[in-house]
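For reference, the structure discussed in these notes is given below.
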Amino acid sequence: MNRREFLLSSVAIGTLALAAPQLAIAQDKLTILGSVPSLGFPFFVHMLNQIKAEAQAQGVNLTESDGQNSAPKQTADIEAALVQKVDAIVISPLDVNALAPAIEQAVQAGIPVVTIDRRVDGVEGILAHVGADNVKGGEAEAQAMVAAFPNGAKIFHLQGQPGAGPAIDRNKGVHNVLDPLKDKYQIVFEQTANFARAEALSVTEAGLAANGKPDAIICANDDMALGAVEACAARNFTDVKIYGFDALPEALVAVRDGKLAGTVEQFPGEQSRTAVQIAVAYAKDKTEPKEKLVLLTPIVIGKDNLDKAERLGETK
């Protein structure tokens, strides 16, 4: 070996020696899966953005999953993450029953799973659940309507997607309040609109055609509430009080402008950030969460307390 070859080989060895620790560091960086039911819903766009922001703050890699409103797609994303050997999973399952087998598979593989927004009760070993108390949220929504109509009211109720935990719990909360008062507060029309605005528009139109104008419409999310607003506006029923749930920026504008009577704030950003913190802490050093069940208490946002809304800064 001549002097030039020796120097080149020495440089190469030195370069490898420097690169090796950097490679090890890169490989040591944790990766988590962040999965939401569908980015077709603004609520879940915000939720995934907050997961991403907290992952960056925690210094971990994030694999993003859009369930595309399909349980098989979200299941496949979990299975792919298992193959990739992610260090933790933060997920809002589309359907708590359909996603249970994949989540159970992850738990059995030793991967910590934190659910957000939608709780899976049938799987043992989930690290934690972070969400809103949707029963209390449904109760607060119904109580706000009752307060607006002390002498009674005729009500439409648009329910969320069947099988989705929040839909089940919000429905329960609404009925907890209204069923004991059914002599004064009559639900004359009740149907699912699957959390979708276009479907809520057509469902509300059908309800109006069959039952006439209600005093109030209670909706399990804001997209449905905004669809109901369109249906009522088309008939010039501008005095119907319509209540949504999720406090989306568009809904907050509608509350400010008097098109919505109120919307329920469930603090999805705080849910998402807390879930990532719990998942990363456990993945790093097996730190157990202080609580396995973290439930935030929703509040109704009206014109008088818009400043309490998490996403007020996004309104135009």
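All values derive from a computational prediction rather than experimental measurement.
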Checklist entry - Just wondering, do L295 and L293 contact through their side chains at under 4.5 Å, heavy atoms? => result yes

Checklist outcome for this item: In N194, T192, N171, N221, the residue satisfying side chain to side chain donor-acceptor pair (under 3.5 Å) with Q159 is N171

Checklist outcome for this item: Note: P166 and R118 closest approach over all heavy atoms is CD-CG, 3.2 Å

Checklist outcome for this item: Per side-chain contact (heavy atoms from CB on, under 4.5 Å), E141 is matched among V264, T263, V146 by V264

Checklist entry - Backbone N or O of S92 within a donor-acceptor pair of the D117 side chain at under 3.5 Å? => result no

Checklist entry - Looking only at heavy atoms, which two atoms of I217 and L158 are closest? And how far apart? => result CG2-CG, 4.2 Å

Next on the checklist: Quiz question: by atom type and distance under 3.5 Å, do the side chains of H129 and E291 form a donor-acceptor pair?
Outcome noted: no

Checklist entry - Got more than 12 heavy atoms from elsewhere within 6.0 Å of NZ, K172? => result no

Checklist entry - Going by distance alone, is a donor N or O of one side chain under 3.5 Å from an acceptor N or O of the other, for N69 and S38? => result no

Item to check | Any donor-acceptor N or O pair under 3.5 Å, side chains Q58, Q277 | outcome: no

Checklist outcome for this item: Closest heavy-atom pair, E54 versus R273, reported as atoms and distance to 0.1 Å, is CG-O, 3.5 Å

Next on the checklist: How long is the straight-line distance from CD of E230 back to CG of L226, given to the nearest 0.5 Å?
Outcome noted: 7.5 Å

Checklist entry - Shortest non-hydrogen contact from P112 to L127? => result CB-CD2, 4.0 Å

Checklist outcome for this item: Nearest heavy-atom approach of E265 to I301 is CB-CG1, 3.7 Å

Item to check | Nearest-0.5 Å distance that lies between atom CZ in F156 and atom CD in E190 | outcome: 12.0 Å

Item to check | Worked verdict on K259 versus E250 for salt bridge (charged side-chain N to carboxylate O under 4.0 Å, His left out) | outcome: CA-CA 11 Å; K259 294 179 180 178; E250 187 178 356; over 6 Å; no

Checklist entry - Does any non-hydrogen side-chain atom of T63 lie less than 4.5 Å from one of T31? => result yes

Item to check | Distance in Å, L252 CG paired with D222 CG, rounded so as to fall on 0.5 Å steps | outcome: 7.5 Å

Checklist entry - Mind checking whether V276 and I32 have side chains closer than 4.5 Å, heavy atoms only? => result yes

Item to check | Exam field: side chain T204 to backbone L201, donor-acceptor pair closer than 3.5 Å | outcome: no

Next on the checklist: Please determine whether salt bridge (charged side-chain N to carboxylate O under 4.0 Å, His left out) holds for the pair R311 and D246, giving the CA-CA distance in whole Å, both sets of side-chain angles, and the decisive distance to 0.1 Å.
Outcome noted: CA-CA 10 Å; R311 302 179 67 184; D246 286 340; over 6 Å; no

Checklist outcome for this item: Rounding to 0.5 Å, atoms OG1 (T315) and CG (L306) come to a distance of 8.0 Å

Checklist entry - Does the D133 side chain pair with the main chain of K136, one donor and one acceptor, at a distance under 3.5 Å? => result yes

Next on the checklist: Using only atom types and a distance under 3.5 Å, with no angle test, would you say the side chain of S202 pairs donor to acceptor with the backbone of E199?
Outcome noted: yes

Checklist outcome for this item: Smallest heavy-atom separation, A225 atom then I242 atom, equals O-CG2, 3.8 Å

Checklist entry - Any chance the side chains of Q74 and S35 put a donor and an acceptor closer than 3.5 Å? => result yes

Checklist entry - Checking R170 side chain against A220 main chain: does a donor-acceptor pair fall under 3.5 Å? => result yes

Next on the checklist: To the nearest 0.5 Å, what is the distance between CZ on F189 and NZ on K154?
Outcome noted: 12.5 Å

Checklist entry - Under 3.5 Å, is there a donor-acceptor pair between the side chain of D77 and the main chain of P72? => result no

Next on the checklist: Within the structure provided, determine whether F195 and D223 are in side-chain contact (heavy-atom separation under 4.5 Å).
Outcome noted: no

Item to check | side-chain contact (heavy atoms from CB on, under 4.5 Å) between Q271 and M47, intermediate numbers included | outcome: CA-CA 8 Å; Q271 289 182 46; M47 184 168 273; 4.2 Å; yes

Checklist outcome for this item: Taken to the nearest 0.5 Å, the spacing of K308 NZ from F267 CZ works out to 9.5 Å

Checklist entry - Any side-chain heavy-atom pair from I155 and I218 closer than 4.5 angstrom? => result yes

Next on the checklist: Quick one: does any side-chain atom of K52 pair with a main-chain N or O of G34 as donor and acceptor, under 3.5 Å?
Outcome noted: no

Checklist entry - Does a donor on one side chain sit under 3.5 Å from an acceptor on the other, for E310 and H46? => result yes

Checklist entry - Going through the distances and angles, do V174 and E139 end up as a side-chain contact (heavy atoms from CB on, under 4.5 Å)? => result CA-CA 5 Å; V174 168; E139 289 173 348; over 6 Å; no

Checklist entry - Quick check: does any side chain N or O of K213 sit under 3.5 Å from a backbone N or O of F237, one acting as donor and the other as acceptor? => result no

